[in-house]
Trainee: 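First, the structure itself, so that you have it in front of you.
When reading the values below, keep in mind they use all heavy atoms of this one structure, side chains included, and skip hydrogens, waters and symmetry mates. Lettering follows sequence order; numbering is per chain, from 1.
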Amino acid sequence: MYTAPSSPHDSTTAIPPLLERRRFATQAELQAVVWWQLLEPAHRLRVAQDMMVGQVLAGELVCRTGRAPTFWFGLLEGLLKMSNDGSQGQTITFSGLVPGGWFGEGTLLKREPYRYNVQALRNSVVAVLPIDTFHWLLDHSIAFNRYIMNQLNERLGQFIAAREVERLDSPNVRVARSLAALFNPILFPVGGDKMLRITQQELAYLVGLSRQRVNEALRVLSLHGAIRVGYGGLLVSDLELLRRGTFETA
DNA sequence: TCATTAAATTGTT
DNA sequence: AACAATTTAATGA
């Protein structure tokens with residue numbers, strides 16, 4: 001299913017048709033949203049009326065640096081990559097995004113343009129909540145405020161961890177930490193599932209390594225018993241080891 | 001349900 | 001980057 005969309009790093013990719021061909025969220029989709037469950041009935045109703053869902057094809061951008069903030073985004077299905085274009089044209093990947101994750105709250109809070117690109121690594125389903133609804137929730141729901149506060153705090157920790165990884169770590173450890181980040185229960189509350197559907201090619205785009213190198217790293221990680229690799233995905237068997245382990249050699 | 005074929009993904013150089 | 005090997009998905013009897 002993965003036909004390298006010319007290059008997920010291609011900045012000439014057209015503006016997302018996410019705004020077109022989208023529909024309202026179904027009841028099942030709403031109930032799968034963790035923070036929606038925290039709201040009281042009146043607040044749930046407003047969200048149900050305003051939240052929409054759209055399809056994003058592999059390679060397309062969900063949001064783009066410099067664009068005015070319009071939505072808070074949630075990934076329902078698929079795989080996204082959050083990155084930034086450095087001053088010399090290098091692409092810096094901050095984080096991968098797996099289903100259950102919501103992003104853009106920092107930008108919406110400040111009402112400033114997005115500071116990163118979010119690109120679909122495969123066909124994905126994305127939910128959007130209008131910025132006005134987002135602020136209305138902040139004004140009316142304590143539960144929502146608490147959720148956002150938690151999320152901001154957790155994301156801060158994730159960025160700090162990402163910086164450390166970026167500097168001093170071996171490819172093996174980079175892959176390990178990047179994988180571990182996808183299992184953050186606060187940012188990606190996906191029901192404690194240790195199973196991750198991701199191809200080695202997708203993971204390669206995520207961590208910025210070649211597929212070959214990722215393949216080798218996964219081999220080492222599984223030798224250490226941190227993960228089990230399978231066709232089209234992997235299983236995390238020791239999350240703590242994945243987070244803290246040093247996988248220097250095989 | 002099974003066999004066949006195409007497509008996707010992995011393993012290796 | 002290229003290629004072979006393996007796994008999955010799709011198709012039709």
Trainee: Can you check whether A/Asn215 has a side-chain N or O nearer than 4.0 Å to OP1 or OP2 of B/dG11?
Mentor: yes

Trainee: Is A/Glu29 salt-bridged to A/Arg23, going by a charged N under 4.0 Å from an acidic O?
Mentor: yes

Trainee: B/dT9 C1' sits how many Å from A/Leu79 CG, rounded?
Mentor: 15 Å

Trainee: Round to a whole Å and report the spacing from CD1 of A/Ile198 to C1' of B/dT10.
Mentor: 14 Å

Trainee: Minimum heavy-atom separation for A/Leu75 and A/Leu97, please, with both atom names.
Mentor: CD2-O, 3.2 Å

Trainee: If you apply the rule side-chain contact (heavy atoms from CB on, under 4.5 Å), what do you find for A/Thr133 with A/Gln49, and how did you get there?
Mentor: CA-CA 10 Å; A/Thr133 311; A/Gln49 287 169 342; over 6 Å; no

Trainee: Tell me which of A/Arg211 and A/Tyr231 sits closer to the 5' end of DNA chain C, going by the nucleotide each one is nearest to.
Mentor: A/Arg211

Trainee: Measure the distance from CG on A/Leu218 to P on B/dT9 and round it to the nearest whole Å.
Mentor: 15 Å

Trainee: What do you reckon, are the aromatic ring centroids of A/Trp102 and A/Phe71 less than 6.0 Å apart?
Mentor: no

Trainee: Phosphate oxygens OP1/OP2 of B/dG11: is one of them under 4.0 Å from a side-chain N or O of A/Gln200?
Mentor: yes

Trainee: Atom CG of A/Leu203 to atom C1' of B/dA8: distance rounded to whole Å?
Mentor: 17 Å

Trainee: Between atom CZ in A/Arg197 and atom P in B/dT10, what is the gap in whole Å?
Mentor: 9 Å

